[in-house]
Structures are given as C-alpha cells and as structure tokens.
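Counting starts at 1 for both ligands and their atoms, in listed order.
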Amino acid sequence: MVGSRQLNDACVGIRVVDSHTEGEPTRVVLSGGPDLGNGALCERLQRFRQTADDFRRAVILEPRGAEALVGALLCDPVDATCAAGVIYFNNAGYLGMCGHGTIGVAVTLAYLGRIGIGTHRFETPVGVVEVKLLSTSEVAIENVPSYRYRAKVAVEVESLGTVVGDIAWGGNWFFLVENSPLPLTVKNIRPLNDAAHQVRMALRHQQITGTNGAEIDHVEFFGPAQSADGHSRNFVYCPGGAFDRSPCGTGTSAKLACLAADGKLKPGELWIQESIIGSRFTASYRELSAGQIIPTVSGRAYVCAEATLVQQPDDPFQNGIFIGSAS
Ligand code: PYC
C-alpha cells in the first residue's frame, strides 16, 4: 500500500526519507534501489554508475528532486563494525563522501529507530567515517583523512583575472579561495555561482588537478563571518552547478587541512564555519601523520519528509528531466 492507495503493479516505488542538514537536503533511499551486489563500496559505486544511472536521475532530478539534493543509497557494509554502508549521489553523478549527507543519514536512521544516541561507523566509497549521534538532531562526524595538496595555486579566469587558491582533499577535491571575488551575501548567490563555475572550468582547461589527475569539482570562496563567534563564511559550488546551503562537511574538512598546514589552527581548537545562508558547522581536527588530519565536523539535521517516489512506465520523465549538466 502507498498511503491509502494500492501502488499499481506496473509502477516502481522507491521509499525515501528526506532531511536537511543546516539547510542542505539529503534524500536517504531505504528501498527500491538497484541491486549492486557485494564487494567494496567503491566497486559498488562503479556498478551504480555503469548500470543504474537512471535510478540516480529519477531520485535526484526534477520532477521528484531538486538541484541541491544529495541522495544516499543505504547498502550492506563490508566491514561488520559499520552500522551502514552509504553511496552518495547528486544531480551530476557520485560523491566519494558527503559531510552534510552523513549527518542527514545519521539523523534519518535515528528517526527510524535504527540507531541510538552514541557512536556509530558508516562505510563510504572513500573510507569509514565515525558518527556521533549526540541527540535526535545533533551529529558530529569524524571524517576521512584530509590534507592540503598544493598551496597558493594561480589559475587564470577570463572574467576574474588571476585567482589564487589552495587545493585540498576533504573527501572530495576542493579549490579554496581565501578572498571571495564578491561579498558573501545571499543576494550575490547567482554571481558567486557563476564565478565559481568559471574557476572550475579554468582549472579543468589549465589541467590543474588533485592527486593522480583527479578533477577538482568543488570550488569554495571564503570571507569574514557575520556572526560574533564565527570564524569564516563560505560559498561552496558543487559539481552539478548547485551551491551548498550548508557550510559543506567535506569543504570544511578541506579548509581545516589548509588552516592546519598554515599553522593557523591548532589540533582541538574550534572553528565555526558559516554557510552562505548563515547556517553553521563547528569543526576541529586531530593530527594523523605528516600533513594529514582527521577533521570532526558537527551540525544539525532535521527530517522533513517520508515518501514513496513513483515511476509510472508511460511517464516520459520517469527517469527525471535531464537538461544537460553544468559541467
Ligand atoms: O557536506 O560534504 C558535504 C557536501 C558535499 C557536497 C554537498 N555537500
């Protein structure tokens, strides 16, 4: 049954729970997802990409989804100490890790009664993350090892001139620009997004990459915080051309790696990162090995919907409306 109506046999139903983490949405897929078999999560992610990309589009794109939405497919973990395996995806493809998404998954699993207050481990395609559920809405995640790869890299951007930034890994690849080309205000979201897109394209064309030629698909602009106790405000451009409503968990991790590398933040010291909409993550780190840190990022998430997504076989948009990609 779907609500009070029988789901037509020919329709496909996908059970989801939606939440938002500091404003950024996450859609957890509970059932109706593709069978990706067993094996390492990075292999299952490849299988997802190769054999079930229509499913990603159906869940994330309009008319069922929205550009900022990140999907989280729950899978059986390989590591038996983990409470869940998770593969993250968005309007452009797949994410190795997602900080706001992990906070959203933890709050969703708590809402469903599948995990309780305490510490849990989630397996992702780029490693295991530890999640502390502090209350039904507050979560602290210990992210994957993060590091700055290159400092003060210059990229020539036609509309902006020379833009200087650091390249860092926080579970995804980021280009972090200390001085935002525009003030970080909500009214500037559109021009900020355009500027970040230009930077991303310039990085690609000038072949400026992460390690092993990995594409840098997130761009982060920084400026002064607006709250009295905040340390910084950011604007984060995501791979599908959407901006992160939250301060971005992996982006905050990349920022901490740069602060640590510059000696500007000590292990254990708190860093309050504001997003472009004024929501916040509180973060700190511990040292792992030369140049590598383990960031902890804390924030709040709230469940906002439980739903069954329906795909009718004669719907021309059953796999979402694809109008080309921002990249
Ligand atoms: O929170 O890590 C994050 C994230 C990545 C893309 C959107 N949010």
Next on the checklist: Regarding Arg200 and Glu215, does a basic nitrogen lie under 4.0 Å from an acidic carboxylate oxygen?
Outcome noted: yes
Checklist entry - Who's the nearest protein heavy-atom neighbour of atom 7 (C) of ligand 1, and how far? => result Asp244 OD2, 3.3 Å
Next on the checklist: Can you tell me how the ring of Phe89 sits relative to the ring of Phe48, calling it parallel under 30°, perpendicular over 60° and tilted otherwise?
Outcome noted: perpendicular
Checklist entry - Does the ring center of Tyr88 lie less than 6.0 Å from the ring center of Tyr94? => result no
Checklist entry - Looking at ligand 1, does any of its N/O atoms fall within less than 3.5 Å of an N/O of Gly99? => result yes
Next on the checklist: Please list, in number order, the atoms of ligand 1 under 4.0 Å from a heavy atom of Gly249.
Outcome noted: 1 (O), 2 (O), 3 (C)
Checklist entry - Is Lys255 salt-bridged to Glu178, going by a charged N under 4.0 Å from an acidic O? => result yes
Next on the checklist: When you compare ligand 1 with Thr250, is there at least one nitrogen or oxygen pair between them that comes in under 3.5 angstrom?
Outcome noted: yes
Next on the checklist: Would Glu24 count as being in polar contact with ligand 1, using the rule that some N or O on each side must be under 3.5 angstrom apart?
Outcome noted: no
Next on the checklist: Apply salt bridge (charged side-chain N to carboxylate O under 4.0 Å, His left out) to residues Arg286 and Glu142 and explain how you reach the verdict.
Outcome noted: CA-CA 10 Å; Arg286 64 181 167 85; Glu142 204 173 71; 3.2 Å; yes
